[in-house]
There are 2 protein chains.
Amino acid sequence: MDRTDRNAQFTRALMGLRSLVLNGAFAGGERLPETNVAERLGLSRTPLRQAMDRLVDEGLLERVETGGCRVARFSMDEIVAAIELRGVLEGTAARLAAERGADPDMLQAMDDLLCALDAAIDPERFDFKTYVRLNDAFHDMLAEMAGSQIVARECARARRLPAASPGAFLQGQDLIPDFRDSLRRAQVQHRAIHDAIRAREGARAEALGREHARLARTNLEYVMTQAPDLADRVPGLALVET
Amino acid sequence: MDRTDRNAQFTRALMGLRSLVLNGAFAGGERLPETNVAERLGLSRTPLRQAMDRLVDEGLLERVETGGCRVARFSMDEIVAAIELRGVLEGTAARLAAERGADPDMLQAMDDLLCALDAAIDPERFDFKTYVRLNDAFHDMLAEMAGSQIVARECARARRLPAASPGAFLQGQDLIPDFRDSLRRAQVQHRAIHDAIRAREGARAEALGREHARLARTNLEYVMTQAPDLADRVPGLALVET
DNA sequence: TGACCGGAGTCTGTATACAGCGTTAGAGTT
DNA sequence: AACTCTAACGCTGTATACAGACTCCGGTCA
């Protein structure tokens, strides 16, 4: 039996509330009355409170001195910092993998993934969901390649930071044409990271990991300056105070 | 009213359980029956479960597929990775502080702290608790100096990783004579980090932040190879599988 | 003798009850 | 009309009740 199945109510609360918050169902800074939200999600306060604790931990909600939670608000600087942090952590994972020497099977698996990604970004038969799934898988694998559960966990956490996920600017929408080029650049970096790890070039692997996250920052700046109308469609960007 | 005061039971559960686990009250891998532990701590299951969720998040406990939690076990490699991670994050905080330019008041406050630390490590009137408090304060301040709540939060989290805290090899015991020298080296690094931030030398600040965490690794290796009898006195080290 | 089955007991996940604090609306006063 | 005080309501933190799942032990059958 899956954990997801075991505590089904908690999972439902977590997914549901996160989705509500990220999609801007509540205004930034708005208080979240537990009874109210629990009823809205169709479950009791117990699993909801669990989910809220978790979202506080993820930084999406924040505790109020007087009790309860409210939706967090982020400055643009915080979003940039979150992206930077993801880059630092993924860069570290890449460096550690390179330094210690990655498992050959894993390197092969990553190579397979890269080939699949090559196919996925082919403009002819571009499939959006497939790309996001493969891209996530790549980042998962990169985090695991350091050979440390703790490193993997912290990388995963960084990806959950608001608007810091590699797919934040892709998720839940069709491909924005302006981002097509970014996909190709990302793929070049993916391959470079893979090569650096295989060649055990730690410093290069780390630098590439950091730079790779900067793509998200580029996309962020593009959206904010060039296409602010897209901001609503990027999960979490609704919480950014302008 | 303080949050600590408001949810007193939860705080008590968190502190109490963390302390129990870190001090090896349970064997690594041992299952934690909620009813049992709740009774032992003198509170109900509700705040205890909250605390357990949190400790799972911190990595001290792990979920069991069939339900409930057990005490996590760490390989030495994981402890090393946790320390490395703290170094990477604190290094990043230092770099960001240097790059963006730290608040002069904060730099001054850190300088004051450094002077206090100078006094604290004076062998004549060495006060153990004071040193640990000031050292923690320094790391807090460093994390905050990046000017990002997210960065500060992740640094704080890294310090809670098992045996990765700067004071892990000092806490809850008198000064181990062999570590006295390490305190002086730490202080030299503290000052160097401060200088690098003030001079806006980002790369140097980052490198120093990383190297500073390595002190913990040195201490770890010292304890494990030279003085394994001390291992019991270092919180969390009881959970390391040999 | 060993393996399989069943049932009692234990434990978890979830819902709900309860008490205390915060907040707000409304009446009364200036 | 504005301000104050109070009382009622709402909300949170905590405890507890409950139902289903798992565990473990003993018994039975091959």
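These numbers were taken from a predicted model, which means no experiment stands behind them. Residue numbering restarts at 1 for every chain, and letters A, B, ... go by the order of the sequence lines.
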Nearest-angstrom distance from the residue atom CD of Q50(A) to C1' of dT12(D): 16 Å
Gap between atoms CD and C1', on Q9(B) and dA19(C) respectively (whole Å): 13 Å
Nucleotide dT12(D), atom C1' - distance to CD of E65(A) in whole Å: 14 Å
Contact check, side chains of R86(B) and R159(B), non-hydrogen atoms, under 4.5 Å: yes
Test item: F26(B) and L17(B) side chains (from C-beta on) under 4.5 Å apart, heavy atoms: yes
Donor-acceptor contact present, side-chain N23(B) to main-chain S19(B), <3.5 Å: yes
Under 3.5 Å: donor-acceptor pair, side chain of R100(B), backbone of A146(B): yes
Residue-phosphate contact under 4.0 Å: T46(B) side-chain N/O, dT14(D) OP1/OP2: no
Kindly list each side-chain donor-acceptor pair under 3.5 angstrom involving residues 38-45 of chain B, sequence neighbours excluded, with atom names and distances?
from: S44(B); atom 1: OG; to: T46(B); atom 2: N; distance (Å): 3.3
from: R45(B); atom 1: NE; to: E34(B); atom 2: OE1; distance (Å): 3.1
from: R45(B); atom 1: NH2; to: E34(B); atom 2: OE1; distance (Å): 2.8

Heavy-atom check, side chain of E221(B) versus side chain of R217(B), under 4.5 Å: yes
Check: V56(A) and E62(A) side chains under 4.5 Å, non-hydrogen atoms: no
Rounded distance in Å - CG (L14(B)) to C1' (dG13(D)): 16 Å
Side chain to side chain, L220(B) and V234(B), heavy atoms closer than 4.5 Å: no
Atom pair distance, as rounded to whole Å: CZ in F10(B) and P in dA15(D): 13 Å
d(CZ, R70(A); C1', dC11(D)) in whole Å: 16 Å
Salt-bridge criterion met for R157(A) and D57(B) (N-O under 4.0 Å): yes
Rounded distance in Å - CD (E39(A)) to C1' (dC11(D)): 14 Å
Protein-nucleotides 5-9 of chain D N/O pairs under 3.5 Å:
none

Between E90(A) and H139(A): side-chain donor-acceptor atoms closer than 3.5 Å: yes
Side chain to side chain donor-acceptor pair (under 3.5 Å) pairs, two or more places apart, involving residues 71-82 of chain A: E78(A)-S148(B)
Integer-rounded Å distance: dC11(D) P and E30(A) CD: 13 Å
Five-pair end axes of the helix from dT1(C)-dA30(D) to dT30(C)-dA1(D) and the angle they enclose, rounded to 10°: 10°
CD/E58(B): more than 12 non-hydrogen atoms of other groups inside 6.0 Å: yes
Non-hydrogen side-chain atoms of M110(B) and F138(B) separated by less than 4.5 Å: yes
So which protein nitrogen or oxygen atoms get under 3.5 Å of nucleotides 5-7 of chain C's nitrogens or oxygens?
none

Could you write out each protein N or O paired with an N or O of nucleotides 10-12 of chain C at a distance under 3.5 Å?
from: dT12(C); atom 1: OP1; to: L32(B); atom 2: O; distance (Å): 3.3
from: dT12(C); atom 1: OP1; to: E34(B); atom 2: N; distance (Å): 3.2
from: dT12(C); atom 1: OP2; to: E34(B); atom 2: N; distance (Å): 3.1

D53(A) with R63(A): basic N within carboxylate O range, under 4.0 Å: yes
